[in-house]
Amino acid sequence: MRLVITHEQADFDALASLLAAHLLDEAALPVLPFRVNRNVRSFLNLYSTTLPFLEPRDVPAGQIEAVTLVDTQSMATIKGVSASTSVHVVDHHTIRPGLPPAWTVMFDHLGACTTLLVENLRERSIELLPIQATLLLLGIYEDTGSLTYAATTARDARAVAHLLDQGASLRTAAQFLNPPLSPEQRILYDKLLTSAVTQTIQDQEIITAVALAEDLGEEVSSIAHKLRDLLDPDA
């Protein structure tokens, strides 16, 4: 058995990368994490019946021969994984030191992990359903701020163009991008905005902010994105 897994509190880049890795190897089961972001859960509530994702509880029992990690370099605890399980990492984040030497890695500095996998889908002429293309588009758009963040590359834009050719719906994608903050997230957002401190380090404007979030049951990433959009720092 082969699995594709990603990080907890999955965003659209993680979910889209799960799908793309499965489309490249249909025998590899794409397993959802236990926790996903709120807008991702809303998407799954509408479209999960047309997509191949498995909940963790539905993964068949048995030995796992291979795991593909997408948008992450951390292996989750999974029953059936052994020392003989091969691990392949697909990520756009800088590779951290100390990965097991037996692991294989596909990495490049891109705005989204999904872009790497869409390039592979295109090279292999794999046709997409419109909802599949829309999810992949969401993965790239969310992690690149709809192609506006500084880390965005021309390859991200070319991947988006390919997905539009494959029937991706910008109207559907727009429904799930930049969701409003929940009341709890809004309280934390206000605390972080109040505590934000700007420093200039090697000509780069760096903003740091600290607040307690003990009662937050949802993701912090949405708050960080909104703070970045408002304050527009280099980091």
Side-chain ion pair, Arg186 and Asp190, N-O less than 4.0 Å: yes

Considering all heavy atoms of both residues, which atom of [X] and which atom of [Y] are nearest to each other, and what is their separation?
{"X": "Ala213", "Y": "Leu188", "answer": "CB-CD2, 3.7 Å"}
{"X": "Ala173", "Y": "Leu137", "answer": "CB-CD2, 4.0 Å"}
{"X": "Gln185", "Y": "Leu181", "answer": "OE1-CA, 3.5 Å"}
{"X": "Gln63", "Y": "Ser82", "answer": "NE2-OG, 3.9 Å"}
{"X": "Ala196", "Y": "Ala209", "answer": "CA-CB, 3.9 Å"}
{"X": "Pro33", "Y": "Glu8", "answer": "CB-OE2, 3.4 Å"}

Connected hydrophobic set around Val210, excluding itself, where side chains approach under 4.5 Å: none

Linked hydrophobic residues, Ile206 as query - side chain contacts closer than 4.5 Å: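 Reading the cluster by chain and number, Ile206 sits alongside Ile201.
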
Pairs touching residues 103-122 that satisfy ring-ring contact (aromatic ring centres under 6.0 Å, His included), sequence neighbours left out: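 Residue pairs passing ring-ring contact (aromatic ring centres under 6.0 Å, His included), neighbours aside: Phe107-His109.
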
Pairs touching residues 170-191 that satisfy ring-ring contact (aromatic ring centres under 6.0 Å, His included), sequence neighbours left out: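 The answer is Phe43-Phe176.
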
Please examine the side chains of [Y] and [X], heavy atoms only from C-beta on, and report whether any two atoms are closer than 4.5 Å.
{"X": "Leu15", "Y": "Thr6", "answer": "no"}
{"X": "Leu227", "Y": "Leu193", "answer": "yes"}
{"X": "Asp91", "Y": "Val70", "answer": "no"}
{"X": "Ser86", "Y": "Glu65", "answer": "no"}
{"X": "Asn178", "Y": "His225", "answer": "no"}
{"X": "Gln73", "Y": "Ile95", "answer": "yes"}
{"X": "Val197", "Y": "Ile207", "answer": "no"}
{"X": "Val31", "Y": "Val4", "answer": "no"}

Determine yes or no for a side-chain-to-main-chain donor-acceptor pair under 3.5 angstrom, with [X] supplying the side chain and [Y] the backbone.
{"X": "Asn120", "Y": "Leu24", "value": "no"}
{"X": "Asp11", "Y": "Ala14", "value": "yes"}
{"X": "Thr85", "Y": "Val81", "value": "no"}
{"X": "Glu142", "Y": "Gly139", "value": "no"}

Set of side-chain contact (heavy atoms from CB on, under 4.5 Å) partners for Asp108, sequence neighbours left out: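 Listed in chain order: Leu110, Leu116, Arg155.
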
Any pair counted as side-chain hydrogen bond (donor to acceptor under 3.5 Å, both in side chains), so long as it reaches residues 191-208, sequence neighbours left out: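 Counting only pairs at least two positions apart or across chains, no side-chain hydrogen bond (donor to acceptor under 3.5 Å, both in side chains) contact touches residues 191-208.
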
Residue pairs involving residues 22-35 (criterion side-chain hydrogen bond (donor to acceptor under 3.5 Å, both in side chains); sequence neighbours excluded):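 Passing the test, one end in residues 22-35: Arg2-Asp25.
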
Assigning hydrophobic clusters by single linkage (Ile, Leu, Val, Met, Phe, Trp, Tyr; side-chain heavy-atom cutoff under 4.5 Å), is [X] placed with [Y]?
{"X": "Leu117", "Y": "Val105", "value": "no"}
{"X": "Leu19", "Y": "Leu29", "value": "no"}
{"X": "Val36", "Y": "Leu136", "value": "yes"}
{"X": "Leu46", "Y": "Tyr141", "value": "yes"}
{"X": "Leu135", "Y": "Leu32", "value": "yes"}

Verdict with reasoning, His88 to Thr104, per side chain to side chain donor-acceptor pair (under 3.5 Å): CA-CA 5 Å; His88 179 56; Thr104 59; 2.7 Å; yes

From OG (Ser221) to NZ (Lys226), nearest 0.5 Å: 11.0 Å

Interatomic distance, Ile64 atom CD1 to Lys79 atom NZ [nearest 0.5 angstrom]: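 Going from CD1 on Ile64 over to NZ on Lys79, the span is 10.5 Å.
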
Which residues satisfy the side-chain hydrogen bond (donor to acceptor under 3.5 Å, both in side chains) test with [X], sequence neighbours excluded?
{"X": "Gln166", "value": "none"}
{"X": "Ser42", "value": "none"}
{"X": "Thr172", "value": "Ser169"}
{"X": "Thr115", "value": "Asp156"}

Throw together a table of side-chain donor-acceptor distances under 3.5 angstrom for residues 48-59, partners on residues two or more places apart or in other chains.
from: Ser48; atom 1: OG; to: Leu44; atom 2: O; distance (Å): 3.0
from: Thr50; atom 1: OG1; to: Tyr47; atom 2: O; distance (Å): 2.8

Within 6.0 Å of CZ in Arg171, more than 12 heavy atoms from elsewhere: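 Atom CZ in Arg171 is not packed in, count stays at 12 or less.
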
Check against side chain to side chain donor-acceptor pair (under 3.5 Å), Ser146 and Thr148: CA-CA 6 Å; Ser146 300; Thr148 65; over 6 Å; no

